[in-house]
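Below: the structure, in structure tokens.
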Amino acid sequence: MSQTAAQLVAALRRGRRDATAEVTVLADRPDATVVRCGHVVAKAHPPGTDPAELAVRLGVAAHPRCAGILLPPVDDDMGALPDGRRVTLWPYGEPVAPDAPDAAPWVEAGKLLARLHAVPVAELPGPLPAMRGPVKAARAIARLRAAALPDSTAIRAVLHAWSGLPGWARGVNHADRVDRVDLDRTDCRAHGDRVDRVDRRDRRDYADRQEVNRLCHGDLHLGQLIRPRATDWRLIDIDDLGLGDPAWDLARPAAWYAAGLLAPEDWDRFLGAYRAAGGSAAGQGDPWPRLDVPARALTVQTAALALAKAAAAGRALDEAEEAMVEAAVRIARYMEAVG
């Protein structure tokens, strides 16, 4: 048990006024620590979490407009651990069973996302922070670079695929030009025309997507659904919640489908349920014009994390990680083929 987990356990026991209450550690990672005591779960948010933005996100989760969509907090008061990490309290709920893929609630996930994207943001607490999906993707690339791994086809492909994404999908502010940090300086000099084309494309793409800003979850996967006390499914984890392109919330399932990790029938159930519930992020025809960029970004993010984590643990990639890295390689090869 980490020091953060031990501090969180002690704080939860104090809050329940029971020094011997049984506490279970549900997650103990640098980016999130979660412990359970009875029907209450305490979460220590990532270091550096902005308290004001977290307060807004808590208010959104507790807002009547999000009832039945987002899991509401036990209360909206935030505590803090000795190291300054913010702590929030939530009702406990049963997670998706990882050993029962046939029972995965893809239909319910699609319906919840459609309802979330339809929430009128003007009625919510504010100012709403930006959805943090693209920022997390950029941090995954930064982590891969910081690992300073030996050169390989996979690493070159991941970085090349990353450099081909529009700036907004790489967490670059629209007022900036293409983030030159994400491109090799020599490559920039050799391919100045391409960089200028990407810059113009970034601005068009960003302007188009600004018209569809909605309330977004920012990090949708099946681990973000729970069923509290046998009620309907709810979305959890508000750390990345905010205003953004709703297509991002469909991107991880889309990336898994494209990489062969999500069965076609599950993808169809998820997308069909989303559309049937009024979700508009993928349109009603071919979804890929809207989902292509976010799905590529999530593919590259997942591949970068897979390479960095496997190297840090001194292990080979597992089957799912290998599939995502291979998908990133295909993206890079396609980019080279089309120029």
Over all atoms of both residues, closest heavy-atom pair of P72 and A62: CB-CA, 4.3 Å
Working to the nearest 0.5 angstrom, can you tell me the gap between I69 CD1 and L113 CG? 10.0 Å
With R269 via side chain to side chain contact (heavy atoms under 4.5 Å, CB included) - residues at least two apart: W106, V107, D266
Are L128 and V135 connected in the hydrophobic side-chain network, where two residues link if heavy atoms are under 4.5 Å apart? no
Would you say R275's side chain and A282's backbone share a donor-acceptor pair under 3.5 angstrom? yes
D83: side-chain hydrogen bond (donor to acceptor under 3.5 Å, both in side chains) partners, not counting sequence neighbours: none
With the side chain counted from C-beta on, respond yes when C216 and L241 share a heavy-atom pair under 4.5 Å apart, and no when they do not. no
Is H217 close to Q224 at the side-chain level, that is, under 4.5 Å between some pair of heavy atoms? yes
Can you measure from CD (E322) to CG (L307) and round to the nearest 0.5 angstrom? 8.5 Å
Between R234 and D232, is there a donor-acceptor pair closer than 3.5 Å when you use the side chain of the first and the backbone of the second? yes
Test R333 against V329 for side-chain contact (heavy atoms from CB on, under 4.5 Å), laying out the working first. CA-CA 6 Å; R333 287 175 178 167; V329 170; 3.5 Å; yes
Answer yes or no: is there a donor N or O on one side and an acceptor on the other, between the side chain of R170 and the main chain of L165, under 3.5 Å? yes
If you compare all heavy atoms of P129 against all heavy atoms of V56, which two are closest, and at what distance to 0.1 Å? CD-CG1, 3.9 Å
Going by the angle between their ring planes, with limits at 30° and 60°, are Y274 and H117 parallel, tilted or perpendicular? perpendicular
Residues that E321 engages under salt bridge (charged side-chain N to carboxylate O under 4.0 Å, His left out), provided they are two or more places apart: R315
Contacts of R29 meeting side chain to side chain contact (heavy atoms under 4.5 Å, CB included) (sequence neighbours excluded), chain-then-number -> A27, D31, A32
Side chains of L235 and L225: closer than 4.5 Å at any heavy-atom pair? yes
What is the distance from atom CG of L243 to atom CG of N213, rounded to the nearest 0.5 Å? 4.5 Å
Test item: P91 and H39 side chains (from C-beta on) under 4.5 Å apart, heavy atoms: no
Taking the side chain as everything from C-beta on, heavy atoms only, tell me whether I141 gets closer than 4.5 Å to V300. yes
I'd like to check P105 versus F270 (side-chain heavy atoms, cut-off strictly below 4.5 Å). Are they in contact? no
Okay, side chain of R252, backbone of L220: is any donor-acceptor separation there less than 3.5 Å? yes
Could you tell me which non-hydrogen atom of R296 sits nearest to which non-hydrogen atom of G164, and how far apart they are? NH1-O, 3.9 Å
Measuring from atom CH2 of W90 to atom CG of L71, what distance do you get when rounded to the nearest 0.5 angstrom? 6.5 Å
Are L305 and R143 close enough that some pair of their side-chain heavy atoms sits under 4.5 Å apart? yes
Might you point out which heavy atoms bring M324 and A259 nearest each other, and give the distance in Å? SD-CB, 3.6 Å
To check you understand the geometry: which heavy-atom pair defines the closest contact between A258 and W288, and what is its length? CB-CH2, 4.5 Å
Nearest 0.5 angstrom please: W256 CH2 to L222 CG, how far? 5.5 Å
Side chain T49, main chain H45, donor-acceptor under 3.5 Å: no
If you count the non-hydrogen atoms of other residues, nucleotides and ligands that lie under 6.0 Å from NZ in K43, is the total more than 12? yes
I155 side, atom CD1; L159 side, atom CG - distance, nearest 0.5 Å: 7.5 Å
Is there a side-chain contact between H160 and E336, using heavy atoms and a 4.5 Å cut-off? yes
Tell me every residue that passes salt bridge (charged side-chain N to carboxylate O under 4.0 Å, His left out) with D240, counting only those two or more places apart in sequence or in another chain. R132, K136
Would you call the rings of Y257 and W267 parallel, tilted or perpendicular if under 30° counts as parallel and over 60° as perpendicular? parallel
Surrounding CZ of R156 (heavy atoms of other residues, nucleotides or ligands, distance under 6.0 Å), is the total greater than 12? yes
For a quick test of reading the model, state the closest non-hydrogen atom pair linking A254 to L291 and the distance between them. CB-CD1, 4.2 Å
Are the side chain of S280 and the backbone N or O of G283 linked by a donor-acceptor pair below 3.5 Å? no
Please step through salt bridge (Lys or Arg N to Asp or Glu O under 4.0 Å) for the pair R57 and D239, ending with a clear verdict. CA-CA 8 Å; R57 291 181 167 114; D239 285 315; over 6 Å; no
Could I get the full list of side-chain hydrogen bond (donor to acceptor under 3.5 Å, both in side chains) partners for R65, not counting sequence neighbours? E123
Inspect the surroundings of CZ in R330 and state if more than 12 heavy atoms from other residues, nucleotides or ligands are less than 6.0 Å away. yes
